[in-house]
Amino acid sequence: PFTSKRMPVRRLLTAGLARLGDASYSLYLCQLPVVMAVLALTPVLSGSLRVAITIPLAVMVGLTSYFWIERPLTESLRRALTPAAPLRMA
């Protein structure tokens with residue numbers, strides 16, 4: 001069972017996984033260009049080293065894309081498409 005000392009770690013892990021879930025579409029879109037770039041830029045490295053480079057790099061690029069592009073764009077579109085509340089006359 002989880003003790004009270006381990007709960008902050010569990011909470012951080014859960015929050016981190018939730019963040020990855022929120023950014024999953026950006027991660028999906030960014031992974032192929034990152035893979036292709038790593039393959040092109042590291043022709044002499046072994047496959048396992050390329051994987052060790054590609055996975056964290058793809059996650060970083062995907063999260064950056066999510067926080068700087070996808071989320072702000074989604075929020076601004078949501079505000080633009082949400083109808084304004086009608087004014088009430090007292």
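What you see below is based on every heavy atom in this structure, not just the backbone, and it leaves out hydrogens, waters and symmetry mates.
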Completion exercise
Separation between SG (Cys30) and OH (Tyr66), nearest 0.5 Å, reads 13.0 Å

Handout entry: Tyr25 OH to Ser65 OG distance, which is reported to the nearest 0.5 Å
Key =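 Going from the OH atom of Tyr25 to the OG atom of Ser65 covers 10.0 Å.
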
Handout entry: Contact list for residues 12-26, test salt bridge (Lys or Arg N to Asp or Glu O under 4.0 Å), sequence neighbours left out
Key =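 The answer is Arg19-Asp22.
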
Practice task
Kindly give the cluster partners of Leu77, where membership spreads through any ILVMFWY side chain lying under 4.5 Å from a current member.
Solution key: Leu73

Exercise for the section: Tell me who clusters with Val38, hydrophobic residues only, linked when side chains sit under 4.5 Å apart either directly or through other members. Expected result: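 Members alongside Val38: Val34, Leu45, Leu49, Ile53, Leu57, Met60, Val61.
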
Completion exercise
With sequence neighbours left out, the residues meeting salt bridge (Lys or Arg N to Asp or Glu O under 4.0 Å) with Arg50 are none

Practice task
List for me each residue that meets side chain to side chain donor-acceptor pair (under 3.5 Å) alongside Ser26, sequence neighbours excluded, and say none if there are none.
Solution key: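 Side chain to side chain donor-acceptor pair (under 3.5 Å) list for Ser26, sorted by chain: Glu70.
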
Problem - Counterpart residues, side chain to side chain donor-acceptor pair (under 3.5 Å), relative to Thr74 (two or more places apart) - result: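 For Thr74, no residue satisfies side chain to side chain donor-acceptor pair (under 3.5 Å) once neighbours in sequence are set aside.
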
Practice task
Evaluate the criterion side-chain contact (heavy atoms from CB on, under 4.5 Å) for residue pair Leu39 and Thr54; output intermediate values, then yes/no.
Solution key: CA-CA 9 Å; Leu39 288 175; Thr54 302; over 6 Å; no

Handout entry: Common cluster, Leu27/Trp68, ILVMFWY with side-chain heavy-atom separation under 4.5 Å
Key =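 In one cluster: yes.
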
Problem - Atom of Ala23, atom of Leu63 and distance for their closest heavy-atom approach - result: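 The answer is CB-CD2, 3.6 Å.
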
Problem - Heavy-atom neighbours of Tyr28 OH exceed 12 at 6.0 Å - result: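 No.
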
